[in-house]
Novice: 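Please find one structure pasted underneath; my questions will follow.
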Amino acid sequence: MAVLLLLLLLLLFLSVVLSSPSRSMASKTQVGFIGLGNMGRPMAMNLLKHGYPLIATDIFPDSCKELQGLGAQILDSPAEVAENADRIITMLPSSPNVIEVYTGPNGILKKVRKGSLLIDSSTIDPSVSKEMAVAAEKMGAVFMDAPVSGGVGAATSGKLTFMVGGVEEEFAATKELLNCMGSNVVYCGQVGTGQSAKICNNMLLAIGMIGTAETMNLGIRLGLDPKLLAKILNMSSGRCWSSDTYNPVPGVMEGVPSAKNYQGGFGTTLMAKDLGLAQNTASNTKTPIPLGSLAHQIYRMMCARGYASKDFSSVFQFLREEESGQ
Ligand code: NAD
């Protein structure tokens, strides 16, 4: 009797293992990537470098050329990617794009394979992440939110920080892929919590950048050399990431957007979007964010005045122009 029971248990175990091969066993099978923009392109390249065969798509065919040259297979729609890969990463501008790519007529969920792992690294509204997770679950797939911090430089060098929300049992499989693109992969809790962490970080980043820009501008008006002022701030209590790593004043640092007429980097439109998300979540939770709200208005104003596609550190130039207009 005991032997029979043991045999039954063994059969049950084998049927479970064989019917759902673990994702880590499938390590180097195809990975899908959707959204090959400033961030998505270098992230996808790092997956290729780690030996993952890649299938990808983007609505702008030009965005796909570089990856195609490196061996990625380019398909026409998110649905086609979902037909051919059971692990997919999306890196899209904002909530409406994510809704379209997952639930649109040619979206991932039209053709998703059962058991697929869908990881969204876009910065979007946490409530949209939750909706996507419910929609994915209905199709037998798992959706995780995994927004990033670090910018294009970190995306290129594989040193992004990922903030992950979703079912904890799927974190190991998610981390296996994200480790190829980042140096920190942090589990935050249920789906949407990765987005919450990201929104908080970016609100502080925006406030810090505006503070750095207006401080540097005041110092320059007081006759200080900008490089000297930055050096002093960076050895004093005013130091922050915007002053010591991404200084907004042209000529203070090499290799940052302020040294390249604010080209590349993190667009002002994207920062305005993230501050809008902070504003929505703060209103929903009745949380006071006076500085976050002001930062939102400043970045919205910049978008309306021709700064939309410049890096968000161009708030320094915006303040200079405001002052010369007086
Ligand atoms: P991006 O605009 O450069 O790239 C987005 C890509 O998505 C574009 O190539 C676009 O064509 C593609 N896309 C849009 N809709 C699509 C669709 N329906 N189907 C297929 N492709 C589609 O943006 P980015 O700078 O790469 O940022 C992506 C996300 O990462 C944003 O949510 C942003 O807030 C976040 N983020 C950006 C940075 C940064 O420094 N740029 C840093 C951290 C986080």
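Just so you know, ligand 1 is whichever comes first in the structure, and atom 1 is the first atom listed for that ligand. Please read these numbers as outputs of a predicted model, since none were measured by experiment.
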Novice: Mark up the atoms of ligand 1 that fall under 4.0 Å of a heavy atom belonging to Gly35, in ascending order.
Specialist: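 Near Gly35, the atoms of ligand 1 are 7 (O).
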Novice: Could you please spell out the steps behind the salt bridge (charged side-chain N to carboxylate O under 4.0 Å, His left out) verdict for Glu80 and Lys111?
Specialist: CA-CA 7 Å; Glu80 280 182 51; Lys111 292 279 163 92; over 6 Å; no
Novice: For atom 3 (O) of ligand 1, what's the nearest protein heavy atom and its distance?
Specialist: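 The protein heavy atom lying closest is Asn38 N, 2.9 Å.
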Novice: Between the side chains of Asn184 and Thr161, is a donor N or O closer than 3.5 angstrom to an acceptor N or O?
Specialist: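 Yes, because at least one side-chain N or O of Asn184 sits under 3.5 Å from a partner of the opposite role on Thr161.
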Novice: Has Thr156 got a side-chain atom pairing as donor or acceptor with Val152's backbone, closer than 3.5 angstrom?
Specialist: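 At least one qualifying donor-acceptor pair exists.
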Novice: From Lys198 NZ over to Leu205 CG, what is the distance, rounded to the nearest 0.5 angstrom?
Specialist: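 Lys198 NZ to Leu205 CG: 7.5 Å, rounded to 0.5 Å.
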Novice: How about CD on Gln190, more than 12 heavy atoms from neighbouring residues, nucleotides or ligands closer than 6.0 Å, or not?
Specialist: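 Open: at most 12 neighbouring heavy atoms sit under 6.0 Å from CD of Gln190.
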Novice: From Ile199 CD1 over to Asp125 CG, what is the distance, rounded to the nearest 0.5 angstrom?
Specialist: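 So the CD1 of Ile199 and the CG of Asp125 are separated by 6.0 Å.
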Novice: Give yes if a backbone or side-chain nitrogen or oxygen of Ile34 is under 3.5 Å from a nitrogen or oxygen of ligand 1, and no if not.
Specialist: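 Min N/O separation from ligand 1 is not below 3.5 Å for Ile34.
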Novice: Do me a favour and list the nearest non-hydrogen protein atom to atom 23 (O) of ligand 1 with residue, atom name and distance?
Specialist: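 Nearest protein contact, heavy atoms only, for atom 23 (O) of ligand 1 is Leu270 CD1, 4.1 Å.
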Novice: Looking only at protein heavy atoms, identify the closest one to atom 34 (O) of ligand 1 and say how far it is in Å.
Specialist: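 Result: Lys273 NZ, 2.9 Å.
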Novice: Under 4.0 Å from any heavy atom of Val148, which atoms of ligand 1 are there?
Specialist: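 Ligand 1 atoms under the 4.0 Å threshold to Val148: 43 (C), 44 (C).
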Novice: Does any donor atom in the side chain of Thr29 or Tyr52 lie under 3.5 Å from an acceptor atom in the other side chain?
Specialist: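 No.
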Novice: Give the numbers and elements of all ligand 1 atoms closer than 4.0 Å to a heavy atom of Lys198.
Specialist: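 The list of qualifying atoms is 43 (C), 44 (C).
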Novice: Determine whether the aromatic ring centres of Phe312 and Tyr246 lie less than 6.0 Å apart.
Specialist: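 Ring-ring flag for Phe312/Tyr246: true, centres closer than 6.0 Å.
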Novice: Would you say Ser94 contacts ligand 1, with heavy atoms under 4.0 Å as the rule?
Specialist: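 Per 4.0 Å heavy-atom rule, Ser94 does not contact ligand 1.
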Novice: Which heavy atom of the protein is the closest neighbour of atom 9 (O) of ligand 1, given with residue, atom name and distance?
Specialist: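 Heavy-atom neighbour on the protein nearest atom 9 (O) of ligand 1: Asp58 OD2, 2.6 Å.
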Novice: Got a donor-acceptor contact below 3.5 angstrom from the Asp311 side chain to the Phe266 backbone?
Specialist: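 Confirmed, Asp311 side chain pairs with Phe266 backbone.
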Novice: Which is it for Val101 and ligand 1 at heavy atoms under 4.0 Å: side chain, backbone, both or neither?
Specialist: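 Under 4.0 Å from ligand 1, Val101 contributes side-chain atoms alone.
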Novice: How far is atom 30 (O) of ligand 1 from its nearest protein heavy atom, and which residue and atom name does that atom have?
Specialist: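 That would be Met91 CE, 3.0 Å.
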Novice: Starting from atom 35 (C) of ligand 1, which protein heavy atom do you reach first, and at what distance in Å?
Specialist: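 It is Thr123 OG1, 3.6 Å.
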Novice: Nearest protein heavy-atom contact for atom 20 (C) of ligand 1: which residue, which atom, what distance?
Specialist: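 Looking only at protein heavy atoms, the one closest to atom 20 (C) of ligand 1 is Ile59 N, 3.4 Å.
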Novice: Quick test of your reading of the structure: of Gly151, Ser122, Ser309, Gly267, whose heavy atom lies closest to atom 40 (O) of ligand 1?
Specialist: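 Nearest option to atom 40 (O) of ligand 1, by heavy atoms: Gly151.
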Novice: Could you check whether Gln279 and Ser293, counting side-chain N and O atoms only, form a donor-acceptor pair closer than 3.5 Å?
Specialist: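 A donor-acceptor contact under 3.5 Å links the two side chains.
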Novice: Considering residues, nucleotides and ligands other than Arg113, do more than 12 of their heavy atoms fall under 6.0 Å from its CZ?
Specialist: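 More than 12 heavy atoms, drawn from other residues, nucleotides or ligands, come within 6.0 Å of this atom.
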Novice: At a 4.0 Å threshold, what atoms of ligand 1 neighbour a non-hydrogen atom of Phe60?
Specialist: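 Selected atoms, number and element: 11 (O).
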Novice: Answer with side chain, backbone, both or neither: which part of Leu36 has a heavy atom less than 4.0 angstrom from an atom of ligand 1?
Specialist: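 Backbone only.
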Novice: If we only count N/O pairs under 3.5 Å, is Ser149 in contact with ligand 1?
Specialist: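 Such a contact does not occur with ligand 1.
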Novice: May I ask you to identify the nearest protein heavy atom to atom 2 (O) of ligand 1, giving residue, atom name and distance to one decimal place in Å?
Specialist: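 Of the protein heavy atoms, Pro93 CG, 4.0 Å lies nearest.
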